[in-house]
Amino acid sequence: MNHLLGIEDLSKTEIEELIDLAIALKAERASGHVQQPLAGQTWGMIFTKSSTRTRVSFEVGIHELGGRPMFLNANDIQLGRGEPIKDTARVLGRMVHGCVIRTFDQQDVVDFADYGQIPTINALTDEEHPCQILADLQTIREKLGTWEGKKVVFYGDGDCNMGRSWAWAAKRLGFELVIAAPDEFQLKGDILDRLGDAPVTLTDDPVAAATGADVLYTDTWVSMGKEAEAEGRLKILAPFQINHDLVALANDGAIVQHCLPAYRDKELTEAVLEERATEIFDQAENRLHAQKAVLVKLAEAHRAA
Ligand code: CP
Ligand code: NVA
């Protein structure tokens with residue numbers, strides 16, 4: 001693994017190794033053990049969109065692994081004034097040891113990796129949010145023991161980055177994924193061909209989807225960049241809210257997950273969020289451990305190359 005651009009690019013083994021390492025790094029951190037494979041390195045972090053969890057977990061993670069994070073708001077560098085991503089990549093590639101990028105267009109992270117020739121991590125694009133999925137899979141392992149044989153239901157905008165990354169996780173790992181979304185916001189386009197026979201079911205029935213679920217997952221109905229569509233989205237997506245009625249249909253021991261930030265009484269109720277706060281914020285904490293695993297693997301691969 002030379003970059004992390006999407007779950008689509010990972011094999012089953014690569015995902016399993018990352019989750020094993022994330023769990024090991026979490027235990028090491030708790031015991032005070034320190035390993036610093038990024039000692040002497042500087043990692044760039046180019047962000048075109050807002051972030052709390054991703055920014056903080058990468059800054060802390062790079063620091064804990066012995067490296068120095070360099071946060072670059074896209075508007076503060078020449079990229080924001082129109083310098084092409086490929087030129088930005090060719091400059092940073094000569095100065096830093098890796099780069100974490102949050103932006104709109106997936107092609108920008110692909111181009112950065114190609115032109116920069118340094119380990120490149122997709123910290124969210126409109127296409128995928130692989131770092132979040134790795135933390136989510138770690139949380140499922142910790143809370144449910146395994147994802148094998150489990151039913152995960154994604155509620156909301158099925159065609160957003162999270163719905164797409166979940167679909168790739170189901171394809172690579174073989175668990176059952178149901179995407180419950182209205183037709184307007186159902187997974188669509190070329191991805192359906194690429195997913196082929198993945199164990200992914202698309203439905204517009206939120207109630208049927210919840211029956212027998214082990215994980216009820218949601219995300220904001222208004223992803224970054226879609227703010228102009230907010231009013232229509234909130235109306236159309238309203239029947240897909242995670243509330244007590246839906247939770248009651250899920251399996252005993254089912255968990256509720258949210259990538260956050262959460263918008264109360266929109267994609268899930270305040271009551272469900274607060275009752276499930278421990279599992280949701282454990283999930284948020286796992287961003288740190290899962291991303292440290294990615295950083296360690298990429299640094300190892302780059303050293304070996
Ligand atoms: N879940 C997530 O990526 O959160 P941030 O947007 O705060 O980074
Ligand atoms: N789908 C959301 C995820 C936020 C972490 C967005 O892109 O805004």
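Read the numbers this way: they start at 1 and go in the same order the structure lists the ligands and their atoms. Excluded from the calculations below are hydrogen atoms, water molecules and symmetry mates; all remaining heavy atoms, backbone and side chain alike, are included.
Salt bridge annotation for Asp282-Lys143: present, with a cationic side-chain nitrogen under 4.0 angstrom from a carboxylate oxygen.
The distance criterion of under 3.5 Å between nitrogen or oxygen atoms is met by Asp219 with respect to ligand 2. The shortest N or O to N or O distance between Met224 and ligand 2 is below 3.5 Å. Of the polar atoms of Leu260, at least one N or O is found under 3.5 Å from an N or O of ligand 1, judged by distance alone. Residue Lys49 has no N or O atom closer than 3.5 Å to an N or O atom of ligand 2.
Looking at Leu260 against ligand 2, only its backbone comes within 4.0 Å, counting heavy atoms. Counting heavy atoms under 4.0 Å from ligand 1, residue Lys49 does not touch it at all.
When only non-hydrogen protein atoms are considered, atom 7 (O) of ligand 2 lies nearest to Asn161 ND2, 2.9 Å. Summary of contacts: the protein heavy atom closest to atom 6 (O) of ligand 1 is Arg102 NH1, 2.8 Å. Among all protein heavy atoms, the one lying closest to atom 4 (C) of ligand 2 is Leu124 CD1, 3.9 Å. The protein non-hydrogen atom at the shortest distance from atom 2 (C) of ligand 1 is Arg287 NH1, 3.3 Å. The nearest heavy-atom contact from the protein to atom 4 (O) of ligand 1 is Arg53 NE, 2.8 Å.
Heavy atoms only, all atoms of each residue included: Asp219 and Cys259 are closest at OD1-SG, 3.2 Å. When every heavy atom of Glu279 is checked against every heavy atom of Gln257, the shortest pair comes out as O-NE2, 3.1 Å.
Not one N or O on the side chain of Arg287 forms a donor-acceptor pair closer than 3.5 Å with the backbone of Ala135. Looking only at distances, no side-chain donor or acceptor of Lys266 sits under 3.5 Å from a matching main-chain atom of Leu237.
Proximity to Thr52 (heavy-atom distance under 4.0 Å) selects the following atoms of ligand 1: 5 (P), 7 (O), 8 (O). Interface of His129 with ligand 1, defined as ligand atoms under 4.0 Å from a residue heavy atom, comprises 2 (C), 3 (O). Every atom of ligand 1 is numbered from 1 in the order shown, and the set under 4.0 Å from a heavy atom of Cys259 is 1 (N).
When the shell of 6.0 Å around NZ of Lys86 is examined, it contains 12 or fewer heavy atoms from other residues, nucleotides or ligands.
In the hydrophobic cluster analysis, where Ile, Leu, Val, Met, Phe, Trp and Tyr join through side-chain heavy atoms closer than 4.5 angstrom, Ile7 is grouped together with Leu187. Linking ILVMFWY residues whenever their side-chain heavy atoms come closer than 4.5 Å, directly or via other members, leaves Phe240 and Val222 in distinct clusters.
Nearest to atom 2 (C) of ligand 2 by heavy-atom distance, out of Gly156, Ser223, Gly163, is Ser223.
With rounding to the nearest 0.5 Å, the separation of CZ in Phe185 from SG in Cys160 is 10.5 Å.
Note: Phe47 and Phe71 have tilted aromatic rings, judged against thresholds of 30 and 60 degrees for the angle between ring planes.
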